[in-house]
Student: 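One structure is given below, represented as structure tokens, and several questions about it will come after.
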2 protein chains.
Amino acid sequence: MARKLESHGRLDDAARAGWLYYVAGRTQDEIASAMGISRQSAQRLVSLAVAERLIKVRLDHPIAACLELARALRDKYDLKHVEVVPSDAGSSSTTVGIAEAAAAEIERWLKRSDPIVLAIGTGRTLKAAVDQLPVIECPQHRVVSLTGNIGPDGSAAYYNVIFSMADAIKARHYPMPLPVLVTASEDREVLHAQALVRSTLDISAQADVTFVGIGEMGIDAPLCLDGFLEKDEMLALMKRGAAGEICGWVFDGQGRLLVDPINDRVASAPIPSRETSSVIGIAKGKRKLSAIKAALTGHQINGLITDEATAEFLLRD
Amino acid sequence: MARKLESHGRLDDAARAGWLYYVAGRTQDEIASAMGISRQSAQRLVSLAVAERLIKVRLDHPIAACLELARALRDKYDLKHVEVVPSDAGSSSTTVGIAEAAAAEIERWLKRSDPIVLAIGTGRTLKAAVDQLPVIECPQHRVVSLTGNIGPDGSAAYYNVIFSMADAIKARHYPMPLPVLVTASEDREVLHAQALVRSTLDISAQADVTFVGIGEMGIDAPLCLDGFLEKDEMLALMKRGAAGEICGWVFDGQGRLLVDPINDRVASAPIPSRETSSVIGIAKGKRKLSAIKAALTGHQINGLITDEATAEFLLRD
DNA sequence: ATAATGCGTGAGTAATTGCCCATGAGCAAA
DNA sequence: TTTGCTCATGGGCAATTACTCACGCATTAT
């Protein structure tokens, strides 16, 4: 039985109780009898020590920084889901790390027993993520592609992700039998009116969760590399304020869809509702930075999987 | 597919769960659903994070009674550094509390940007302290062991601390490739003359700060438990006035190195200068009391990390 | 003086957590 | 391929902790 409390002050006792609890690992009952108080009082002292920040908890693991960044990003951009993976400074890959993380997250969704609609965009990052998926049987779910797989020249675009996904995921899957960009907006209307396309569009609108890559602008951007846009078209687009694209939908620096002929030619499904579903962007890298930031700012996405370095840049200003 | 969902590894999950639990303050149920696992698994991850020392808890409050004791000890024994942690009356552990405090102090030294030499002894307490250290990169420092790690039978002594330390601290480290006790003093001269040993000894003499455990005498003493001394040798030693031991150097009740054949056989480096450097003892407990007191009295150490109860006894007379 | 206010207390109860066990997957040796 | 081992898992249950409520005691304002 220890001295009376008043002689030390309440915070002192809180510190002592907190020490016994967290450092020495005693139960509150033991602390109570050691300090000559009731168990409830011991509990109060412990929680007081926590409330007064007398107890500092630290996590000594690289992932700690990631979680901090994720929380900061979530707060700053009002996101539903953020995942920050450790950066691999030595690697210039735009997929290492986030692909695995994205795969893990996709897997989490697919493991749910209640049926969901999972929508998926395209891009190298997403392809890498899907390649990480294990084989899962989930006949209860549906997987729908938001974007077409046909290039401007009629060839199949390499990075149509849904077919890779179909290899691993035993679920109904709905590709989008369309080009990414049509030549004129009228064409889009015609194509979208087709029954098959129509039903895929309808399913995509019901998506519970969506995974999309985020494309940057520039002459090295995916849209150019994959032959959807010519260099001069791209440069003109950038002059008109384009900052990035998701499934071909081009947005400006504020993340607002660009009012521009280009967006009238996008044949992709609209990005599912950020109000009623999760739309998770997967992207990292300095080149994609402003595109990611715009997408976040304009709430084109409400979830993000990125890496530490990118997260830090996103938080910088 | 054999891909590990553990692309980030089990420890990372443990870190994540631990962070969510201790830092974010979520319940294990929330963590479970957030990570897509069962609550039990979440609980396991949290306790794994604790077991693996991923979670470090420290108390940021000067407990008045402890500070008072520390000041009194510093004055009484003319010490440079004293730390007193709360006692845990119910626990018989000789390390709980002081190990954490010692780790924090070691960390403080290692965080210095100017290069230092940190010397380290051995013992269970010191081992426990080193196990609390986080991973630190400090290539500017050097860490040197004062004692060897080879037992009388040629086996490696379990409590050689420097190897544990090398796991966490990224700095050059210098083990002492010697037994603690050699069979004859001549052997010691031969061994110490070796170039490798010579340089380690030289470095240890330059130590800026030293952390040592304090061993008591008795048939349950560390020296006996670890097989360096037989019971009858120990009893004879006690008859000749031995009161305690630091790195194998046996001293009497006044803290003077015992003039005795035993000390001629100690192969450890001399304890670094108490005039020009900090030599901090880490010890608590009734059994070690007279050894601690002797070490303080004879200025074998000029710093101490102990607990309240021990501090009170040390001040009693 | 007396009532209002604030703070701490203990009791009871709901929520949360820790632990043990049986099970099954993965893996290595036979 | 089989056997045996290790290890993670989920369920169930006991222990522990958090919260709410009503009360007592002191201080303060009227």
Student: Starting at atom CE of B:M35, determine the distance to atom P of D:dT9, rounded to an integer number of angstrom.
Tutor: 10 Å
Student: Please report, rounded to the nearest Å, how far the P atom of D:dT17 is from the CG atom of A:D29.
Tutor: 7 Å
Student: Over its full length, what angle do the end axes of the helix from C:dA1-D:dT30 to C:dA30-D:dT1 make, each axis taken from five pairs and the result rounded to 10 degrees?
Tutor: 30°
Student: Please determine whether a side-chain nitrogen or oxygen atom of A:Y21 lies at a distance below 4.0 Å from atom OP1 or OP2 of D:dT16.
Tutor: no
Student: Could you check how far CD1 of B:I31 sits from C1' of C:dA15, rounded to whole Å?
Tutor: 15 Å
Student: Within less than 4.0 Å of OP1 or OP2 of C:dG10, is there a side-chain N or O belonging to A:S38?
Tutor: yes
Student: Between A:K127 and A:D131, does any side-chain N to carboxylate O distance fall below 4.0 Å?
Tutor: yes
Student: Would B:D307 and B:S87 count as a side chain to side chain donor-acceptor pair (under 3.5 Å) here? Give the steps.
Tutor: CA-CA 5 Å; B:D307 74 342; B:S87 285; 3.0 Å; yes
Student: How close or far is atom P of D:dG10 from atom CG of B:L45, stated in whole angstroms?
Tutor: 11 Å
Student: Nearest whole Å is fine: how far is D:dG11 C1' from B:I37 CD1?
Tutor: 16 Å
Student: Has the side chain of B:R39 got a donor or acceptor atom sitting under 3.5 Å from an opposite partner on the base of D:dG11?
Tutor: no
Student: In this structure, how many angstroms lie between the C1' atom of C:dT17 and the CG atom of B:L48, rounded?
Tutor: 16 Å
Student: Rounded to the nearest 0.5 Å, what's the gap from CD1 on B:I106 to CD1 on B:I305? Could you check?
Tutor: 7.5 Å
Student: What about B:Q40, does its side chain sit under 3.5 Å from the base of D:dG11 through a donor-acceptor pair?
Tutor: yes
Student: Would you kindly give the CD-to-P distance between A:Q43 and C:dG8, to the nearest whole Å?
Tutor: 14 Å
Student: Using 4.0 Å as the upper bound for N to carboxylate O, is an ion pair formed by A:R58 and B:E107?
Tutor: yes
Student: Identify whether the distance between the nearest side-chain nitrogen and carboxylate oxygen of B:R124 and B:D226 falls below 4.0 Å.
Tutor: yes
Student: Can you tell me which nucleotide in C:dT17, C:dG10, D:dT17 comes closest to the side chain of A:Q28?
Tutor: D:dT17
Student: Side chain of A:S41: nearest nucleotide among D:dA18, C:dT9, D:dG10?
Tutor: C:dT9
Student: Counting neighbours of NZ on B:K286 that are heavy atoms of other residues, nucleotides or ligands and sit closer than 6.0 Å, is the number greater than 12?
Tutor: no
Student: Is any NZ, NE, NH1 or NH2 atom of the basic residue among B:E308 and A:R16 found under 4.0 Å from an Asp or Glu carboxylate oxygen of the other?
Tutor: yes
Student: Select one nucleotide: of D:dG10, C:dT16, C:dT9, the one nearest the side-chain heavy atoms of A:R44.
Tutor: C:dT9
